[in-house]
Amino acid sequence: MKKKIYFNHDGGVDDLVSLFLLQQMDDVELTGVSVIPADCYLEPAMFASRKIIDRFGHGSLDVAESNSRGKNPFPKDWRLHAFFVDALPILNESGKIDTPVAEKPAHLHMIDAIHKSEEKTTLLFTGPLTDLARALDEDPSIEEKIERLVWMGGTFREIGNVEEPEHDGTAEWNVFWDPEAAGRVWNSGIEIDLVALESTNQVPLTVDIRNRWAAERKYLGVDFMGQCYAMCPPLVHFTTNSTYFLWDVLTTAYVGNRDLVKMKRVNSIVHTDGPSQGRTKETADGRPVNVVYDVNRDAFFDYITELAKKA
Ligand code: AGV
Ligand code: CA
């Protein structure tokens, strides 16, 4: 039986590549997609998502817009990436878009999708948790129909990836954008699998990886990934604030193949305000989460490249 997945993303390059890859997984059925304007602008991210479904998807889907707003905005330079993906010729060859925009906003769209499915739904979130927090407030009964939440978010390292004024640098961005939403989800009974910076730091975008995809660009899907990652700064000499990692793609690959990673159980809390806001902190009496802390890097890149070849 296929795993039922609802996907809420925030329109970054790796979010959009994740949407592409999910649709190449044989044992996954996407029951819904929604887009939150966190690390993107909503309009190009919606267009790009609908075009990726048209070009690389199979079943019929609509895409819901989120009307959620965060507390700490993402840098504009990063949010612009969605415009570049949307403009790729490979997504614009047909000159039309068939996949419709959903009538309801993201959090209500997700509630419907969860109830509509007979089996429990796995939630895949590769942006902030705002829509999930709002959905839980709106209809707490969804909780028992959620198999688990798989989230790209958080870190238990000393240093996160937020470099902003008035912050101490301990947070990961998807938590930092809306720390209270993460706090709300921590207060629920949902099983949480965190693909945290511990593991995503092990999969930076490198020139080697790009060259591998360039060499295999005769495959449409590999070419698409190569085009997408041509927009992002790779790791060359040392990590900077703009260095791109395959954060969300690792999270998505984990949904398709758990054998790629190692996990451990950690009790934690979320800091919701002050200079550490967005920090996830290990605390003995905190709520348990499953943290992906290690990944087989080569197996991961092989896995996503082979998936892309199926497109
Ligand atoms: O913190 C990682 C999250 C992921 O969901 N995003 C990007 C991924 O989609 C925010 C982010 C952190 N550093 C970034 C980010 C960077 N250098 N460029 C773009 N986005
Ligand atoms: Ca993201």
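Throughout, numbering of the chain's residues begins at 1 and tracks the sequence. In listed order, ligands and their atoms are each counted from 1.
- Under 4.0 angstrom from ligand 1, the non-hydrogen atoms of Thr126 all belong to its backbone.
- Protein nitrogen, oxygen and sulfur atoms, that is N, O or S, within less than 3.0 Å of the Ca ion (ligand 2) amount to 5.
- Using a cutoff of 4.0 Å between basic side-chain nitrogens and carboxylate oxygens, Arg55 and Glu93 are scored as salt-bridged.
- Of the residues Ser34, Ser18, Ser49, the one that meets the side-chain hydrogen bond (donor to acceptor under 3.5 Å, both in side chains) test with His9 is Ser49.
- At a heavy-atom cutoff of 4.0 Å, ligand 1 is contacted by no atom of Leu197, backbone or side chain.
- Of the heavy atoms in Phe245, none comes closer than 4.0 Å to ligand 1.
- By the 4.0 Å N-to-carboxylate-O rule, Glu180 lies too far from Lys71 to be salt-bridged with it.
- With Phe47 as the aromatic partner, Lys51 meets the cation-pi criteria of under 6.0 angstrom to the ring centre and within 45 degrees of the ring axis.
- No option in Val203, Val261, Asn257 other than Val203 meets the side chain to side chain contact (heavy atoms under 4.5 Å, CB included) test with Phe300.
- Both tests pass for Arg79 against the ring of Tyr41: distance under 6.0 Å to the centre and angle within 45° of the axis.
- Contacts between Asp15 and ligand 1 below 4.0 angstrom, taking non-hydrogen atoms only, involve the side chain exclusively.
- Salt bridge annotation for Arg297-Asp302: absent, with no cationic side-chain nitrogen under 4.0 angstrom from a carboxylate oxygen.
- Proximity to Thr243 (heavy-atom distance under 4.0 Å) selects the following atoms of ligand 1: 17 (N).
- The closest approach between any non-hydrogen atom of Gly127 and ligand 1 is not below 4.0 Å.
- A salt bridge links Arg265 with Glu191: the distance from a Lys NZ or Arg NE/NH1/NH2 to an Asp or Glu carboxylate oxygen falls below 4.0 Å.
- The pair Arg210-Asp208 does not count as a salt bridge, with every side-chain nitrogen at least 4.0 angstrom from each carboxylate oxygen.
- When only interatomic distances are considered, the shortest N/O to N/O separation between Asp10 and ligand 1 does not fall below 3.5 Å.
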